[in-house]
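Everything on this sheet refers to the single structure shown next.
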Amino acid sequence: MSNSPIKSNQRNKTKVAIIGSGNIGTDLMIKVLRSSKTLAMAAMVGIDPESDGLARAKSMGVAITHEGIDGLVNLPEFAEIKIVFDATSAGAHKHHNKVLQAHGKQVIDLTPAAIGPYTVPVVNLEDILLEGNSQGNVNMVTCGGQATIPMVAAVSQHLSVHYAEIIASISSKSAGPGTRANIDEFTQTTACAIEQVGGASRGKAIIVLNPAEPPVMMRDTVFVFSELPENKDLSEADIQASVEDMVAKVQSYVPGYRLKQKVQFERFEKDNPLLIPGYGQFSGLKSSIFLEVEGAAHYLPAYAGNLDIMTSAALGTAERIAQSMVSGKFQQAGKG
């Protein structure tokens, strides 16, 4: 039977469901089925009975429903599901989360709804688990946030970051209806996470849907404006090393994540400040970081790095939460 390898050795794994059978949800499903050693796909949920994601799930032996969150709750598999990924839209997620919390499910939110704490695995996941403040819901920010916030954090580990601005450019072909419906939420949520997780006093985010043919890979530009180093032992080479170390950490789960060139530095003295629209005059160190994200091509081709970094981050987060559940060190919210 063609799907027997997928079904093997599933009994000891934590069962999960995915709401959203579009690009992000389908890519995530394939990752769970192909590579996860701790998670088992229990259900794929959509609202379009003709969606490719539901068809693929069915062909792989995964339970499906096209009746949305109500259909998921009514599935016989629902009782054993511990973790639910939501890959729909920010607006829909509010209702989904309310229902799932009532049933005591741990939710991993891949929309910009930002109900739970912003989570960027290499920066703050362990802190969230240690503090036990997931509230039954963790938010994966956005694809742009997952790509760029680690870079802001790499600088803020050494210097006070006054302002950080990111520009995420993705192929138009990789942006599904949910992404297009959440452009405003993308910019707002990413900017807030740049501040709360990245450590910037103020953040700004921009997304560009590039219609180029052939489709281009995801590119991210990160501008970090920080104080000038007061410690004479701290140099620009140390910032470069911090960025490279963070890149290596992200590459552990997104191999196609890479720097396009070395970090570019500019110094602005108080007598010759830089004027930043919407921020004001800045004097200090500007670090310019240029990234490219090549996807693993599990669903869409390799140009869709925005899918890969989002779903890989969500998968890694779920696996780490599942480990904590098994060890008894993780308390799900929403129960009682």
Side-chain angles (χ1 to χ4, degrees), residues 13-14 16 18 24 27-28 31-32 35-39 82-87 93 97 100-101 105-157 161 164 166 189-200 203 220 222 242-243 245-255 257 291 293 306-334:
K13 294 183 176 182
T14 300
V16 303
I18 298 172
I24 294 175
D27 186 83
L28 177 58
K31 281 180 168 58
V32 173
S35 63
S36 183
K37 296 180 180 180
T38 58
L39 307 179
K82 301 295 184 183
I83 299 173
V84 180
F85 299 93
D86 191 340
H93 178 69
N97 184 66
L100 293 168
Q101 294 306 311
K105 307 299 183 182
Q106 173 62 42
V107 179
I108 297 182
D109 175 19
L110 287 82
T111 82
I115 292 173
Y118 299 122
T119 305
V120 180
V122 295
V123 181
N124 70 335
L125 176 57
E126 292 306 314
D127 290 338
I128 290 172
L129 294 176
L130 182 65
E131 294 165 4
N133 66 345
S134 78
Q135 305 165 21
N137 180 310
V138 292
N139 176 255
M140 303 311 300
V141 193
T142 59
C143 60
Q146 290 296 334
T148 62
I149 289 171
M151 299 298 96
V152 179
V155 178
S156 68
Q157 287 174 358
V161 175
I166 72 98
T189 294
T190 307
C192 288
I194 289 170
E195 298 168 2
Q196 295 184 27
V197 183
D220 297 282
V222 187
S242 182
V243 166
D245 179 64
M246 190 67 81
V247 167
K249 290 178 180 178
V250 177
Q251 285 175 337
S252 67
Y253 55 93
V254 187
Y257 182 87
L291 304 162
V293 186
N306 52 305
L307 290 192
D308 207 47
I309 196 161
M310 191 65 165
T311 55
S312 295
L315 178 64
T317 296
E319 289 178 330
R320 184 67 184 86
I321 288 175
Q323 291 171 1
S324 296
M325 286 178 173
V326 171
S327 67
K329 295 180 180 180
F330 186 83
Q331 179 65 44
Q332 284 177 276

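Note that the structure is a prediction, hence the values are computed from the model and not measured. Reckoned from all heavy atoms, side chains included, excluding hydrogens, waters and symmetry mates.
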Would you check, one step at a time, whether the test side-chain contact (heavy atoms from CB on, under 4.5 Å) holds for Asp86 with Asn97? CA-CA 9 Å; Asp86 191 340; Asn97 184 66; over 6 Å; no

Let me see the working for Ile24 and Phe85 under side-chain contact (heavy atoms from CB on, under 4.5 Å), right down to the final yes or no. CA-CA 10 Å; Ile24 294 175; Phe85 299 93; over 6 Å; no

side-chain contact (heavy atoms from CB on, under 4.5 Å), that's the test. Do Val293 and Asn306 meet it? Break it down for me. CA-CA 7 Å; Val293 186; Asn306 52 305; over 6 Å; no

What verdict does the side-chain contact (heavy atoms from CB on, under 4.5 Å) test give for Lys37 and Glu319, after you've listed the backbone C-alpha separation in whole Å, the side-chain angles of each residue and the deciding distance to 0.1 Å? CA-CA 8 Å; Lys37 296 180 180 180; Glu319 289 178 330; 5.7 Å; no

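Of the residues Thr317, Val152, Val141, the one that meets the side chain to side chain contact (heavy atoms under 4.5 Å, CB included) test with Val120 is Val141.
Annotation: the span from Ile128 atom CD1 to Tyr118 atom OH amounts to 11.5 Å, rounded to 0.5 Å. Separation of atoms CE (Met246) and CD1 (Ile149) is listed at 11.0 Å; rounding is to 0.5 Å. Rounded to the nearest 0.5 angstrom, Leu28 CG and Ile18 CD1 are separated by 4.0 Å. With values rounded to the nearest 0.5 angstrom, Gln101 atom CD is found 7.5 Å from Gln106 atom CD.
Residues Ile309 and Ala147 come closest through the heavy atom pair CD1-CA, 3.5 Å. Closest of all the heavy-atom pairs between Lys13 and Ser36 is NZ-O, 2.9 Å. Taking every heavy atom of both residues into account, Ser35 and Lys31 meet most closely at OG-O, 2.7 Å. For the residue pair Leu307 and Asp27, the shortest heavy atom distance occurs at O-OD2, 4.1 Å. The minimum heavy-atom distance between Val247 and Met151, with the atom names listed, is CG2-CE, 3.7 Å. When all heavy atoms of Pro121 and Gln146 are compared, the pair lying nearest together is CD-OE1, 3.3 Å.
Thr142 and Thr189 share no donor-acceptor pair across their side chains, judged by distance under 3.5 Å alone. Asn139 and His93 share no side-chain donor-acceptor pair at under 3.5 Å.
Side-chain contact between Thr38 and Thr14: absent, with no pair of heavy atoms (C-beta onward) separated by less than 4.5 Å. Looking only at side-chain heavy atoms (C-beta outward), Tyr253 and Val122 come within less than 4.5 Å of each other.
Not a single donor-acceptor pair under 3.5 Å links the side chain of Thr119 to the backbone N or O of Leu125. Side chain of Glu195 to backbone of Ala164: no donor-acceptor contact under 3.5 angstrom is found. Looking only at distances, a side-chain donor or acceptor of Ser324 sits under 3.5 Å from a matching main-chain atom of Arg320.
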